[in-house]
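Chain letters run A, B, ... following the sequence lines, proteins first, then strands; residues in each count from 1.
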Amino acid sequence: MRVYVDEVHRHVGEEITLKGWLYNRRSSGKLHFLLVRDGTATIQCVVFVKDVPPELFERAGHLTQESALEVVGTVREDARSSLGFELGVREFRVLHDAAEYPITPKEHGPAFLLDHRHLWLRSSRQHAIMRVRSTVVAACRNYFDRRGFTLLDAPVFTPAACEGTTNLFEVDYFGTPAYLTQSGQLYMEAGAMAFGKVYSFGPTFRAEKSKTRRHLTEFWMIEPEVAFADLDDDMDLAEDFLVEVVGRVVAERRRELASLERDIAALERVQKPLPRIRYEEALATLAEAGKPVAFGEDFGGDEETVLSERFDRPVLVHRYPAACKAFYMKVDPEDARLALCVDVLAPEGYGEIIGGGQREDDLDTLEKSIQAHGLPAEAFGWYLDLRRYGSVPHAGFGMGIERMVAWLCGLHHVRETIPFPRMLERLTP
RNA sequence: UGCUUCGUAGCUCAGCGGUAGAGCGGCGCCCUGUUAAGGCGACGGCCGCAGGUUCGAUCCCUGCCGAAGCAGCCA
C-alpha cells in the first residue's frame with residue numbers, strides 16, 4: 001500500500017510503500033539511514049544488513065542524493081528519529097539514479113541558490129515558506145469568496161499605464177506597444193460597478209530598477225474593490241481581512257512558522273482593532289523619532305520602519321498628501337491637500353503590505369487629475385465611462401502576496417517567498 | 001541608477017609580490033543507531049575576464065563583466 005510520509009503515523013506496524021527522493025544518507029557499518037522525502041515530509045528509512053539481501057544493502061550504501069526511490073518497509077515508532085516514526089526497510093527499488101546533486105546540506109550563498117532555484121525548492125526551508133504562501137493565497141481568496149465577492153481577473157496585457165508610464169514592461173502587441181499590467185485596479189473598478197464587490201488575484205509587473213529586499217519585477221497581488229464604499233469602509237475591510245488571513249496562517253501553518261523560527265506570538269497579536277493614524281500624526285511621530293519628513297513627502301523604508309516599530313501590530317496610515325499619490329485617489333473633501341487613501345504597514349520593519357483608498361468618482365475632477373499627472377487622456381476613455389454611467393463612491397486596496405509572506409515567515413528578503421523570483425538582473429531559472 | 005563591499009576547488013571560505021590551502025560535498029575503505037554522523041585515503045584549481053606595473057602578479061593599478069548589501073521608487 002502506497003502511503004505518504006505525513007500519514008505514516010496511521011500505519012504503525014504495517015508494511016507500506018513509500019515513493020520519494022533521497023534527501024540525505026548516513027551510514028554506520030551494518031546500517032544505512034536513508035532520509036527519504038516525498039513532498040509531504042521526510043522520514044528516516046533504516047536499512048539493516050540482516051534485513052535485506054547483500055546486494056541491496058551494498059546498493060543502499062551508494063545511493064546518490066535526490067535519487068528517486070520506491071521503498072517497502074514496516075512503520076515503527078522510534079524517538080530516535082526526528083519525525084517520531086521510521087521505516088524498517090525490507091526492500092527498495094531505485095527509479096532513477098541522480099547525478100551529483102549541487103545543493104548539499106551545507107551552507108550556500110544566495111546567488112548560487114537562486115541559480116539553482118528549481119532544485120532549491122526541494123529543501124525543507126523552502127517547503128515551509130511555500131506552504132505558508134499557499135495558505136496565504138487560499139485564505140485571501142476564501143475571505144472574499146465567503147463575503148459575496150466575485151473573482152474577476154484583470155488582463156495582463158494593458159494598453160496604458162495605470163499609475164504612470166515609467167516602470168512598465170513594454171511588449172510588442174502585433175505592431176502596437178502594450179504593457180504588462182502593474183495593477184488590476186482600474187479593471188476592478190469596472191468590475192465593482194458591474195458586480196458590486198469584486199476581487200482579482202494575479203501577477204503584476206514593475207520595471208523598476210529596484211535592487212532591494214522588498215522588490216520583485218513580477219509579484220502577485222490580491223485586489224478587492226467595493227461599490228458604495230468610502231475610505232472608512234475600505235479601512236474596515238482591510239483590517240478585517242488582514243486579521244483573518246494572519247489568524248488562519250497561524251492556525252494552519254504553525255509547524256512551518258516554527259521551523260522558520262518565526263516569533264509566532266508576534267503574529268498572534270494581530271487582532272482588531274488595528275491602530276489607525278493620519279499622515280500628519282505620522283509626521284509628528286517621525287519628527288519625535290528624529291526622522292523629520294516635510295509635509296507632502298512620501299515615506300521611505302526607514303520612515304516606514306520607524307512608524308511600524310511604534311506598534312505591536314500592523315498600522316493603517318491614512319490621508320497622505322494627494323500630491324504624492326496616484327491620479328485616481330479621491331481628494332479629502334475636508335482638506336483638499338489630502339487624498340482618501342490608506343497604507344497598511346506591517347510590524348517589525350516589513351513595510352507597506354497593503355495600499356488602497358477611495359477612488360475619484362467625479363468625471364470632471366478625474367479628467368483634471370489625469371491632465372495634472374501628465375497622463376494621456378485618450379488612454380483612459382473606458383475608465384472615464386465608469387464616471388458617466390452610474391458613478392458611485394467606491395474603494396479598494398491591493399495586497400502584495402510576497403511582502404505578506406515575507407512578514408509572516410520573518411524572512412529578510414522577498415526573493416524566497418515566490419517559487420521563481422523575477423528581479424532586476426535575474427530572469428532564470 | 002547611485003554609494004559600499006566582494007569574485008580563489010562542485011559549495012562555503014582562508015591566504016599571499018616567487019603560479020595555492022581548509023572544511024563540506026562527490027569517489028574508495030572502516031564503523032549496529034546515525035541526526036548537517038564520525039574516522040582514514042586519493043582525486044579535485046586558466047585564483048572572474050582583458051590590459052598595465054614588475055625579473056616575476058592570484059596578490060598592486062586600470063577597465064570590463066558578474067554578485068551581495070543599502071538607498072530612491074513602490075506592493
**Student:** When the P atoms of B:C43 and B:U5 are considered, how many whole Å apart are they?
**Tutor:**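 The same atom, P, in both gives a distance of 40 Å.
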
**Student:** For A:F33 and B:G33, are the ring centres under 5.5 Å apart with planes inclined under 30°?
**Tutor:**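 Aromatic stack with B:G33 absent for A:F33.
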
**Student:** Taking the P atom of each, how far is B:G41 from B:C61, in whole Å?
**Tutor:**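 Roughly 40 Å separates the two P atoms.
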
**Student:** Taking a pair as Watson-Crick (N1 to N3 plus N6-O4 or O6-N4) or G-U wobble (N1-O2 and O6-N3), both under 3.5 Å, which stems of 3 or more consecutive pairs involve RNA chain B?
**Tutor:**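 If one scans RNA chain B for consecutive Watson-Crick or G-U pairs, the stems found are B:1-7 with B:65-71, B:10-13 with B:21-24, B:27-30 with B:38-41, B:48-52 with B:60-64.
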
**Student:** Please determine whether a side-chain nitrogen of the Lys or Arg among A:R313 and A:E348 lies less than 4.0 Å from a carboxylate oxygen of the Asp or Glu.
**Tutor:**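 So A:R313 does not pair with A:E348 through a salt bridge.
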
**Student:** Under 3.5 Å, which donor-acceptor pairs link side chains of residues 45-63 of chain A to any protein atom two or more places apart or in another chain?
**Tutor:**
unit_1	atom_1	unit_2	atom_2	d
A:E58	OE2	A:H62	NE2	3.2
A:R59	NH2	A:D97	OD2	2.9

**Student:** Where the side chain of A:R25 is defined as all heavy atoms beyond and including C-beta, which of B:G72, B:C31, B:C27 is the nearest nucleotide?
**Tutor:**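 In terms of side-chain proximity for A:R25, the closest of B:G72, B:C31, B:C27 is B:C27.
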
**Student:** Starting at the 5' end of RNA chain B, which residue's closest nucleotide do you reach first, A:Q44 or A:G61?
**Tutor:**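 Upstream on the strand: A:G61.
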
**Student:** Go through the N and O atoms of the side chain of A:R26 and the base of B:C31, and report whether any donor-acceptor pair is under 3.5 Å.
**Tutor:**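 Looking at the base of B:C31, it does not pair with any donor or acceptor on the side chain of A:R26 (distance under 3.5 Å).
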
**Student:** Go through B:A71, B:C31, B:A75 for me and flag the one nearest to the A:M221 side chain.
**Tutor:**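 That would be B:A75.
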
**Student:** Base, sugar-phosphate, or nothing for A:L216, non-hydrogen atoms under 4.0 angstrom?
**Tutor:**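 A:L216: base contact, heavy atoms under 4.0 Å.
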
**Student:** What's A:E297 touching, base or sugar-phosphate or nothing? Going by heavy atoms closer than 4.0 Å.
**Tutor:**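 No contact at all - A:E297 keeps every heavy atom at 4.0 Å or more from the nucleic acid.
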
**Student:** Base, sugar-phosphate, or nothing for A:L31, non-hydrogen atoms under 4.0 angstrom?
**Tutor:**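 Contact class for A:L31: base.
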
**Student:** Without decimals, in angstroms, what is the distance between A:D298 CG and B:C73 C1'?
**Tutor:**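 So the CG-C1' distance, A:D298 to B:C73, works out to 9 Å.
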
**Student:** Measuring from the side chain of A:R206 (C-beta onward, heavy atoms only), which nucleotide among B:C74, B:C27, B:U12 has the closest atom?
**Tutor:**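 Side chain of A:R206 sits closest to B:C74.
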
**Student:** Hey, does A:E402 reach any base, or is it just sugar-phosphate, or nothing, if we go heavy atoms under 4.0 Å?
**Tutor:**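 If one applies the 4.0 Å heavy-atom cut-off, A:E402 turns out to touch nothing in the nucleic acid.
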
**Student:** Who are the salt bridge (charged side-chain N to carboxylate O under 4.0 Å, His left out) partners of A:K197, not counting sequence neighbours?
**Tutor:**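 Partners of A:K197 by the salt bridge (charged side-chain N to carboxylate O under 4.0 Å, His left out) criterion come out as none, since no residue qualifies.
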
**Student:** Nearest whole Å is fine: how far is B:U34 P from A:L35 CG?
**Tutor:**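 That distance rounds to 14 Å.
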
**Student:** Rounding to an integer number of Å, can you tell me how far A:M329 CE sits from B:C74 C1'?
**Tutor:**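 So the CE-C1' distance, A:M329 to B:C74, works out to 12 Å.
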
**Student:** With sugar-phosphate meaning primed atoms plus P, OP1 and OP2, does A:G351 contact a base, only sugar-phosphate, or nothing at under 4.0 Å between heavy atoms?
**Tutor:**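 Nothing, no nucleic acid heavy atom in range.
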
**Student:** If you take the centroid of each ring, where Trp contributes its six-membered ring, are A:F295 and A:Y279 closer together than 6.0 Å?
**Tutor:**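 Yes; A:F295 has its ring centre under 6.0 Å from that of A:Y279.
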
**Student:** On a whole-Å scale, what distance lies between the P atoms belonging to B:A67 and B:U12?
**Tutor:**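 Looking at atom P only, B:A67 and B:U12 are 15 Å apart.
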
**Student:** Mind listing the closest non-hydrogen atom pair of A:Q182 and A:R206 along with its distance?
**Tutor:**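 That closest heavy-atom pairing would be O-NH2, 2.6 Å.
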
**Student:** Base of B:C74, side chain of A:H215 - is there a donor-acceptor contact under 3.5 Å?
**Tutor:**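 In this structure, the two groups form a donor-acceptor pair.
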
**Student:** Search all heavy atoms of A:S28 against all heavy atoms of A:F33 and return the closest pair with its distance.
**Tutor:**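 That would be CB-CE1, 4.3 Å.
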
**Student:** When rounded to the nearest Å, what value does the distance between P atoms of B:U58 and B:G7 take?
**Tutor:**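 The same atom, P, in both gives a distance of 15 Å.
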
**Student:** Under 4.0 Å, counting only non-hydrogen atoms across every strand here, what does A:R125 touch: a base, just sugar-phosphate, or nothing?
**Tutor:**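 Contact class for A:R125: none.
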
**Student:** Rounding to the closest angstrom, what is the interatomic distance between B:C73 and B:G48 at atom C1'?
**Tutor:**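 These two C1' atoms come out 32 Å apart once rounded.
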
**Student:** Counting just side-chain N and O atoms, does A:R214 come under 4.0 Å of either OP1 or OP2 of B:G69?
**Tutor:**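 No, because none of the side-chain N or O atoms of A:R214 sits under 4.0 Å from OP1 or OP2 of B:G69.
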
**Student:** Give me the distance, rounded to whole Å, that separates B:G39 from B:G26 when you measure between the P atoms they each carry.
**Tutor:**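 About 14 Å, rounded to a whole number of Å.
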
**Student:** A:E244 and salt bridge (Lys or Arg N to Asp or Glu O under 4.0 Å): which partner among A:R147, A:K272, A:R141?
**Tutor:**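 Filter result, single survivor: A:R147.
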
**Student:** Write down the atom of A:F92, the atom of A:V89, and the distance for their closest heavy-atom approach.
**Tutor:**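 Smallest heavy-atom distance, with atoms named: CD2-CG1, 4.2 Å.
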
**Student:** If I pick the C1' atom on B:C6 and the same atom on B:G15, what distance separates them, to the nearest angstrom?
**Tutor:**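 So the two C1' atoms sit 16 Å from each other.
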
**Student:** Cut-off 3.5 Å, side chains only: do A:E304 and A:Y350 have a donor facing an acceptor?
**Tutor:**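 A:Y350 and A:E304 do not have a side-chain donor-acceptor pair below 3.5 Å.
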
**Student:** Grab the CD-C1' distance between A:E303 and B:G72 for me, whole Å please.
**Tutor:**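 That distance rounds to 11 Å.
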
**Student:** Using a cut-off of 4.0 Å on non-hydrogen atoms, how would the nucleic acid contact of A:H412 be classed: base, sugar-phosphate, or nothing?
**Tutor:**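 The answer is sugar-phosphate, as A:H412 gets under 4.0 Å only of primed atoms, P, OP1 or OP2.
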
**Student:** Could you state the atom-to-atom distance from CD of A:Q65 to P of B:C11 in whole Å?
**Tutor:**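 The answer, rounded to whole Å, is 15 Å.
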
**Student:** Between A:H32 and A:R415, who's closer to the 5' end of RNA chain B by nearest nucleotide?
**Tutor:**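 Of the two residues, A:H32 wins.
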
**Student:** What is the distance, to the nearest angstrom, from the OH atom on A:Y101 to the C1' atom on B:C24?
**Tutor:**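 After rounding, the reported distance stands at 16 Å.
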
**Student:** For a quick check of understanding: with a heavy-atom distance under 4.0 Å over all strands, which category does A:D78 fall into, base, sugar-phosphate or nothing?
**Tutor:**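 Counting heavy atoms under 4.0 Å across all strands, the contact made by A:D78 includes a base.
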
**Student:** Provide the distance between the two C1' atoms, one in B:A22 and one in B:C46, to the nearest whole Å.
**Tutor:**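 Approximately 22 Å lies between the C1' atom of B:A22 and that of B:C46.
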
**Student:** Which of these passes side-chain contact (heavy atoms from CB on, under 4.5 Å) with A:L242: A:L274, A:L316, A:L237?
**Tutor:**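 Going through the options one by one, the only one that passes is A:L274.
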
**Student:** Side chain of A:E208, heavy atoms from C-beta onward: which of B:G33, B:C74, B:U32 has the nearest atom to it?
**Tutor:**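 Among the listed nucleotides, the one closest to the side chain of A:E208 is B:C74.
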
**Student:** Counting distance only, does the side-chain N/O of A:E239 pair as donor-acceptor with the main-chain N or O of A:P273 below 3.5 Å?
**Tutor:**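 Pair absent, no side-chain N/O of A:E239 close to backbone of A:P273.
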
**Student:** Starting the side chain at C-beta, find the nucleotide from B:A75, B:U34, B:G26 nearest to A:R403.
**Tutor:**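 The nucleotide sitting nearest to the side chain is B:A75.
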
**Student:** In whole angstrom, what separates A:F112's CZ from B:G7's P?
**Tutor:**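 Rounded to whole Å, this separation is 18 Å.
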
**Student:** State which of B:G26, B:A71, B:C70 makes the closest approach to the side chain of A:E100.
**Tutor:**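 Selected nucleotide (nearest to the side chain): B:G26.
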
**Student:** From the options B:C27, B:C70, B:G72, select the nucleotide whose nearest atom is closest to the side chain of A:T212.
**Tutor:**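 Within the option list, the nearest is B:G72.
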
**Student:** Without decimals, in angstroms, what is the distance between A:Y320 OH and B:C73 P?
**Tutor:**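 After rounding, the reported distance stands at 12 Å.
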
**Student:** Between A:H62 and B:G28, is there a side-chain N or O to OP1/OP2 distance below 4.0 Å?
**Tutor:**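 Looking at the OP1 and OP2 atoms of B:G28, one of them is under 4.0 Å from a side-chain N or O of A:H62.
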
**Student:** Of the candidate nucleotides B:U1, B:C31, B:A71, which contains the atom at the shortest distance from the side chain of A:L424?
**Tutor:**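 Closest of the options to the side chain of A:L424: B:U1.
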
